[in-house]
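Everything numeric in this text was worked out from a predicted model, so none of it was measured. Quick note on labels: first sequence line is chain A, next is B, and so on, each numbered from 1.
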There are 2 protein chains.
Amino acid sequence: MNRQTTQGGHADGTVGKALDVMDRVAAAGRPVRFAELLAGSDHPKATLYRLLQTLTSQGMLIYDEARQTYAPGLRLVRLAHAAWQQSSLAPIARPYLDALSERVGETIHLAQMDQGQVLYVDKRNARRPVDMFSEAGKIGPGYCTGVGKAMLAFLPPDDRARAVNMQSFFAHTPRTLTSPQALTEELAAIRAAGVSFDREEHEPGIICIAAPILSSTGRVLGALSITAATRRNTLDGLDQLRPALTETAEQIAAAAETWQFPD
Amino acid sequence: MNRQTTQGGHADGTVGKALDVMDRVAAAGRPVRFAELLAGSDHPKATLYRLLQTLTSQGMLIYDEARQTYAPGLRLVRLAHAAWQQSSLAPIARPYLDALSERVGETIHLAQMDQGQVLYVDKRNARRPVDMFSEAGKIGPGYCTGVGKAMLAFLPPDDRARAVNMQSFFAHTPRTLTSPQALTEELAAIRAAGVSFDREEHEPGIICIAAPILSSTGRVLGALSITAATRRNTLDGLDQLRPALTETAEQIAAAAETWQFPD
DNA sequence: GTCGGATGTTCCATATAATGAAACTGTATT
DNA sequence: AATACAGTTTCATTATATGGAACATCCGAC
């Protein structure tokens, strides 16, 4: 039950409206009926209808005639592959994630920031290395995850303030930080420490240590985390892995740098 | 060097044009400059320019000011996650792929058809991983891959004819089928056999056996393949795995069926 | 430094495509 | 049969996209 700020922003032109519809269909997480979308939208019936038709004919949505429902289309998967490969840290970070995974044996996440939210772009499981965006593409909240806080902490002040205000502050657990003030204080502490911890703030029993990935100019590129269950590890235990974590984060930052400026 | 038919189809409305631009940016496989896109597009400068601006402001593209290049944006990854989870066979097939992987130990691909092309939606690596790049979201040709031929073979005749005509018939290897006639004959043989083989038609040294995943009504849902390197296995060797392959394909089909019609 | 040429950006009258109220069709429900 | 509801189509109106051309900016060459 995750009430993220459902934006609504400045939808420029027809394309913006169409993409807004895409978002809503995707956000539903299951096939949706026309009426459902109509209820949640401020477009008139006919307009929404034609948008859906266009998107369907474009392969961005799939329409199930039998059940009269819309779902995101596979064309997206194709496009996203290109995005993942070119515009995410994942391909660059891959070998370093592999090495870190080998070294610490715990679950690892690589994340980036997208519109105030955490977007996971790669992952290593505690055991078998299922590579790929089965899990990548998943989003999470910024204010109560290790990677989210690590990235927020190192944003430029104004961006940070804006991002903090976009958070929902839903109390996922008793430990979740539920106010902008509390979060802002925490972020200052994280800047001082260089790493962030998730102290069961998102899911009970799940803790993590995370470090930002920063460019040489100090810009936030992403974040890296090591996750564990409280029954298998402790915050102190994770803190032992801090050198491995920050070292890897720096390697990824360096690799990204070379990639950005080849000659 | 993969010259797929670059479609050009019926781009309805502004949304269609915008998505066409997205495709071109994604197809480039690297950040592209305005001029490059302009050259490959039949839109006038100003039109293309505004389309790019809209897409960028929507997060569908990322614009690198320094290099003046466009690349697919991370918003896509978010949307695609939803598509992958809801509209692909991958989540349903996951346990069966795991089991098959355990059983045969070779590289496995799960694919679906998208606009005449093969879209890979999941994968398991071989125990001794062959160096082969294919990940979810990747696309491949229909006429010279095991999964592609398996799906084409079982399409309804008219769809099949249309799909066959959309192929590029580029000769990736000496063994590639390079004419619609040759492919059509092969597809008939595959229908009779129930499985297809890739006899180094796409990459030298890489062979595979593939089976279609068919709904109870005979509709093509996707295809499943087992891949190997010629230095480690033979077509006959792969044929030994046919029961495991077809069995898994049937299990996935059955699972998809239940998923489609829960009550 | 100045010129030439290419690349990227803005303008604005026009044409086109999106809009949405309302009418219509089909399918459940009583 | 009557009613309600979800989905689809119509069409005059309006907003939006269009694209030719002018403008700006960058960069290498002379």
Side-chain angles (χ1 to χ4, degrees), chain A residues 8-25 27-28 30-73 86-87 260-263, chain B residues 8-25 27-28 30-73 86-87 260-263:
Chain A
H10 35 92
D12 49 345
T14 314
V15 174
K17 286 171 208 161
L19 292 173
D20 183 54
V21 171
M22 282 303 306
D23 267 345
R24 287 176 196 282
V25 174
R30 64 189 158 71
V32 257
R33 301 191 62 124
F34 178 81
E36 272 185 88
L37 289 168
L38 183 59
S41 155
D42 43 359
H43 301 298
K45 232 195 323 190
T47 301
L48 179 61
Y49 180 71
R50 264 175 299 96
L51 282 174
L52 288 169
Q53 284 216 141
T54 304
L55 288 169
T56 303
S57 92
Q58 290 293 328
M60 295 291 282
L61 292 176
I62 292 174
Y63 181 62
D64 181 336
E65 298 215 15
R67 337 189 100 215
Q68 297 185 135
T69 56
Y70 296 89
Q86 292 183 52
S87 303
Q260 292 278 356
F261 314 115
D263 43 44
Chain B
H10 36 91
D12 49 344
T14 314
V15 174
K17 286 171 206 159
L19 292 172
D20 183 55
V21 171
M22 283 302 307
D23 267 346
R24 288 176 195 281
V25 174
R30 62 189 160 71
V32 257
R33 299 188 64 117
F34 178 79
E36 272 185 88
L37 288 169
L38 183 59
S41 154
D42 44 357
H43 301 297
K45 232 193 326 189
T47 302
L48 180 61
Y49 180 71
R50 265 176 299 96
L51 283 174
L52 289 169
Q53 284 215 141
T54 304
L55 288 169
T56 303
S57 92
Q58 291 293 327
M60 295 292 281
L61 291 177
I62 292 174
Y63 181 62
D64 181 336
E65 299 214 17
R67 339 189 101 216
Q68 296 186 135
T69 55
Y70 296 89
Q86 292 183 50
S87 303
Q260 294 277 356
F261 314 115
D263 43 44

Spatial distance of atom [atom1] ([X]) from atom [atom2] ([Y]) [nearest 0.5 Å]:
{"X": "B:M60", "Y": "B:M22", "atom1": "CE", "atom2": "CE", "value": "4.5 Å"}
{"X": "B:L55", "Y": "B:I62", "atom1": "CG", "atom2": "CD1", "value": "12.5 Å"}
{"X": "A:L19", "Y": "B:L19", "atom1": "CG", "atom2": "CG", "value": "7.0 Å"}

Span of DNA chain C in contact with chain A (heavy atoms, under 4.0 Å): C:dA18 to C:dA21
Test side chain to side chain contact (heavy atoms under 4.5 Å, CB included) applied to B:A71 - qualifying residues, sequence neighbours left out: A:Q86, A:S87
With sequence neighbours excluded, residues passing side chain to side chain contact (heavy atoms under 4.5 Å, CB included) with A:A28: A:V32
Least distance between heavy atoms, A:L61 atom then A:Y70 atom: CD1-CD2, 4.2 Å
Closest non-hydrogen atom pair, A:P44 against A:L38: C-CD1, 4.3 Å
Can you list, pair by pair, the side-chain donor-acceptor contacts under 3.5 Å of residues 46-54 of chain B, counting residues two or more places apart and other chains?
{"residue": "B:Y49", "atom": "OH", "partner": "B:Q53", "partner atom": "OE1", "Å": "3.1"}
{"residue": "B:T54", "atom": "OG1", "partner": "B:R50", "partner atom": "O", "Å": "2.9"}

B:R24 side-chain N/O to B:G40 backbone N/O, donor-acceptor pair under 3.5 Å: yes
Pairs flagged by salt bridge (charged side-chain N to carboxylate O under 4.0 Å, His left out) wherever residues 33-45 of chain A is involved - sequence neighbours left out: A:R30-A:E36
Boundaries of the DNA chain D segment in contact with chain B, non-hydrogen, under 4.0 Å: D:dA17 to D:dG20
Five-pair end axes of the helix from C:dG1-D:dC30 to C:dT30-D:dA1, angle between them (10°): 40°
Set of residues satisfying side chain to side chain donor-acceptor pair (under 3.5 Å) with respect to B:Q68, sequence neighbours excluded: none
Any residue of residues 33-54 of chain A with a heavy atom less than 4.0 Å from an atom of DNA chain C: A:P44, A:A46, A:T47, A:R50
